[in-house]
K.L.:
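I'd like to ask you about the structure that follows.
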There are 2 protein chains.
Amino acid sequence: MIAHLAGVSQPTVSRALRGSPMVNETTRLRILKIARELNYQVDKNASSLRSKSSGTLALLFFEDPAPDDSLINPFFVSMLASITRACAQRGYDLLISFQQPANEDWQAGFEDSNKADGIILLGYGDYLDYRARLEFLIARGMHFVCWGAVRPDQPEVSVSCDNYRGGYAITRHLLERGARRIAFLGDASNHCPEFLERHRGYSEAIKASRLRVNARLQIDAISSEQSGFDATTVLLERKLQFDAICAASDLIAIGAMKALQAHGLRVPADVLVSGFDDIPLAGFVNPSLTTVQQDTKAAGAILVETLLKLIRNEPVESQIIPVSLMLRGSTQRA
Amino acid sequence: MIAHLAGVSQPTVSRALRGSPMVNETTRLRILKIARELNYQVDKNASSLRSKSSGTLALLFFEDPAPDDSLINPFFVSMLASITRACAQRGYDLLISFQQPANEDWQAGFEDSNKADGIILLGYGDYLDYRARLEFLIARGMHFVCWGAVRPDQPEVSVSCDNYRGGYAITRHLLERGARRIAFLGDASNHCPEFLERHRGYSEAIKASRLRVNARLQIDAISSEQSGFDATTVLLERKLQFDAICAASDLIAIGAMKALQAHGLRVPADVLVSGFDDIPLAGFVNPSLTTVQQDTKAAGAILVETLLKLIRNEPVESQIIPVSLMLRGSTQRA
DNA sequence: CTGAAAGCGCTTACAG
DNA sequence: CTGAAAGCGCTTACAG
């Protein structure tokens, strides 16, 4: 540390730069002034090595390694923006990494060998598939928080939007608009707890209207336009009667609308369509998409805050964030 | 290093783990096996401190701190995805940070105190405004590369798409579609070299058709929907004759289309509209937007590759990446 | 409020 | 091909 030129010892400089209260005000100012003149920056590697804390969080995305340059799920982009902002506000840096589910040495990417103090996990993947890995992380005492469903039996700390209530509210809205046979597009199994919760809301809303849930109207789909398109095609080919589609995500809904239109069906005149997420695209498709808005801004802040508590060994709990309905053209009959 | 259990010294373990060729094959395998069993991970802080290299790149975004949670420029998202991928392929981690132009201690964020080996700069901001800062970085011998215009007089290493040819080609397309009075929406000054290059292409294309460039048809705008909307409103209020809009970015074009439609003008029947970037939204707006596609995939790879060369002190040059035209509904008259 | 000493966990010369 | 020694630049006890 060159700032010995201030006539003090190394530890004093270190303390002054970190704003320790045990440094004389005059001394501190003198040190700060010299540091600024010299454009001095603390070496974070040395500092992290010694203090066992890096001031960095890692964000890990899991998504199917969509062929080539295909777009990132727009919903994740909103989350990324919100998380970045939350980190910056708290003085943390953010390391990001996209993981391919196929990747064997998942944990290696995670561990990050002290490069990060904690990890935020984000992604739609097969939950059962990585549950074992989460348990591995827990066993190693890693600090991490997941975005996804909050379920009673899960070992990990998680933050999620209110998938159940969102599914319930949007289905209720479709029913109020006159739908009687609502198809649900999205995997509704333990492989994808988020969709499962949305589906549970969907089912309960239908039952609350004294209608029957027709299991044949549920078609698996992952969150992509293509998958939504395919699922809708299956629905049409099976010649099942339906007057509305409740899609488990906006991308699925957008693919569904394309498939419907390709088959000469009009939205919303012939079929009502709803999504989930409220990605920026939702307002631009034609017709604009009625959907459930997830509060990504709050989500990012809560994820970061929760992770920081975990790092400080403070007690934390999984949290559920309220959602709101965005009513648009796809469920609005003239 | 606990792996002394392998019966070798610390340096040998270190060498084995890094795949140094000067380790006996048998010894190496034994060490690797033990390391795997112990879930051993090299401490990157110690390693970076000693070797003076962090295996990390930093990505800095500059964008107007758009009010609240407004969306990130979708074009940057494509770049981010591509850069992340390029880093991962080369075994580098990526640190990301959004900078507010107003932020005084820009360089502090940059320096990153050995957390990163080099920096990628991305953003539309006032170029003149941060040119001084770039020079500061150069003076300090920092390794960095910018995304933006490549111009002869600039001190920094830069990678860019072919803004000039893109502007030329899209304008030529508008002319071929019958446009005679083409408005240009976008700041065409040194404050924004990328737009300036696009504008230069626009001007040359018009001149090549033996038409005159009407300076009154150029309206300043930054890359946002709102700005495009406002610029178009100005254009309409001035009651200038125009039959096409050449927007300097897709977001501007989308805002322009909204403004035109709000004034009862039809696209493309009354006015042709073109954008620049080919963000995912471009294919979804109504009518779909004719635009210039930037090859973000190549861009990310070249940015990272260039930065890595800079870090290795190899000679580098600024590079220009070819663009391609995406013809869609907004310039397609029935 | 300040300093001398120790040490975080690696990698780098250097020697063999 | 391998090891003993030194040291990267900080921060943390500990002592005063």
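By convention in this document, chain letters (A, B, ...) are assigned in the order of the sequence lines, proteins followed by strands, and residues within each chain are numbered from 1.
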K.L.:
Taking NZ from A/K115 and P from C/dC10, how many angstroms apart are they, rounded to a whole number?
P.N.:
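So the NZ-P distance, A/K115 to C/dC10, works out to 14 Å.
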K.L.:
For C/dG3 and A/S9 - does any side-chain N or O of the residue sit under 4.0 Å from the phosphate oxygens OP1/OP2?
P.N.:
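Affirmative; the distance criterion is met.
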K.L.:
Does this structure show an ion pair linking A/R90 with A/E305, if we count only N-O contacts that are shorter than 4.0 Å?
P.N.:
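So A/R90 pairs with A/E305 through a salt bridge.
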K.L.:
Under the 3.5 angstrom rule, does the side chain of B/S158 hit a backbone N or O of B/S318 as a donor-acceptor pair?
P.N.:
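A pair under 3.5 Å: no.
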K.L.:
Between atom CG in A/L49 and atom C1' in C/dT11, what is the gap in whole Å?
P.N.:
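Result: 12 Å.
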K.L.:
Find the distance B/Q41:CD to C/dC10:C1' and express it as a whole number of Å.
P.N.:
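Result: 14 Å.
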K.L.:
If only side-chain N and O atoms of B/T12 are considered, is one of them under 4.0 Å from the OP1 or OP2 phosphate oxygen of D/dG3?
P.N.:
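So the side-chain polar atoms of B/T12 do come within 4.0 Å of the phosphate oxygens OP1 or OP2 of D/dG3, strictly under.
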K.L.:
Side-chain N or O of A/S51 less than 4.0 angstrom from OP1 or OP2 on D/dT11?
P.N.:
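No, because none of the side-chain N or O atoms of A/S51 sits under 4.0 Å from OP1 or OP2 of D/dT11.
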K.L.:
Suppose we define a pair by two distances each less than 3.5 Å, Watson-Crick or G-U wobble; what does D/dC14 pair with here?
P.N.:
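Looking at the geometry, D/dC14 pairs with C/dG3.
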K.L.:
With a 4.0 Å cutoff (strictly under), does any side-chain N or O of B/Y40 reach OP1 or OP2 of C/dG9?
P.N.:
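Answer no for this pair, as no side-chain N or O of B/Y40 is under 4.0 Å from OP1 or OP2.
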K.L.:
Looking only at the side chain of B/P11 (C-beta and beyond, no hydrogens), which of the listed nucleotides D/dT11, C/dG3, C/dT12 gets closest?
P.N.:
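Closest of the options to the side chain of B/P11: C/dT12.
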K.L.:
Between atom CD in B/E25 and atom C1' in D/dT2, what is the gap in whole Å?
P.N.:
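So the CD-C1' distance, B/E25 to D/dT2, works out to 16 Å.
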K.L.:
Grab the CD-C1' distance between A/Q10 and D/dG9 for me, whole Å please.
P.N.:
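One finds 7 Å between C1' of D/dG9 and CD of A/Q10, rounded.
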K.L.:
Nearest nucleotide by nearest heavy atom, which residue falls closer to the 5' end of DNA chain D, B/M22 or B/A46?
P.N.:
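Nearest-nucleotide comparison on DNA chain D picks B/M22.
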K.L.:
Measure the distance from CG on B/N114 to P on C/dT11 and round it to the nearest whole Å.
P.N.:
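B/N114 atom CG is separated from C/dT11 atom P by 16 Å.
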K.L.:
Round to a whole Å and report the spacing from CZ of A/R50 to C1' of D/dT11.
P.N.:
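Roughly 5 Å, once rounded to whole Å.
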K.L.:
I'd like to know if the side chain of B/T56 pairs up with that of B/K44 as donor and acceptor (distance under 3.5 Å, no hydrogens or angles considered).
P.N.:
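Judged by distance alone, the side chains do not pair up.
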K.L.:
On DNA chain C, compare the nucleotides closest to B/R18 and B/D43; which residue's is nearer the 5' end?
P.N.:
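Closer to the 5' end of DNA chain C: B/D43.
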K.L.:
What is the separation between atom CZ on B/R15 and atom C1' on C/dA13, rounded to the nearest whole Å?
P.N.:
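My rounded result for the distance is 10 Å.
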K.L.:
Under 4.0 angstrom, heavy atoms only, what part of the nucleic acid is A/S48 near: base, sugar-phosphate, or nothing?
P.N.:
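No contact at all - A/S48 keeps every heavy atom at 4.0 Å or more from the nucleic acid.
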K.L.:
Looking only at side chains, do B/N45 and A/N114 share a donor and an acceptor under 3.5 Å apart?
P.N.:
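Per modelled atom types, B/N45 and A/N114 side chains form no pair under 3.5 Å.
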K.L.:
If only atom types and distance count, is the side chain of A/S82 paired as donor or acceptor with the main-chain N or O of A/K297 below 3.5 Å?
P.N.:
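Checking the backbone N and O of A/K297 against the side chain of A/S82, a donor-acceptor pair under 3.5 Å is found.
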K.L.:
Closest-nucleotide mapping onto DNA chain D: is B/T27 or B/K52 further toward the 5' terminus? I mean the 5' end.
P.N.:
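With B/T27 and B/K52 compared, the 5'-side residue is B/T27.
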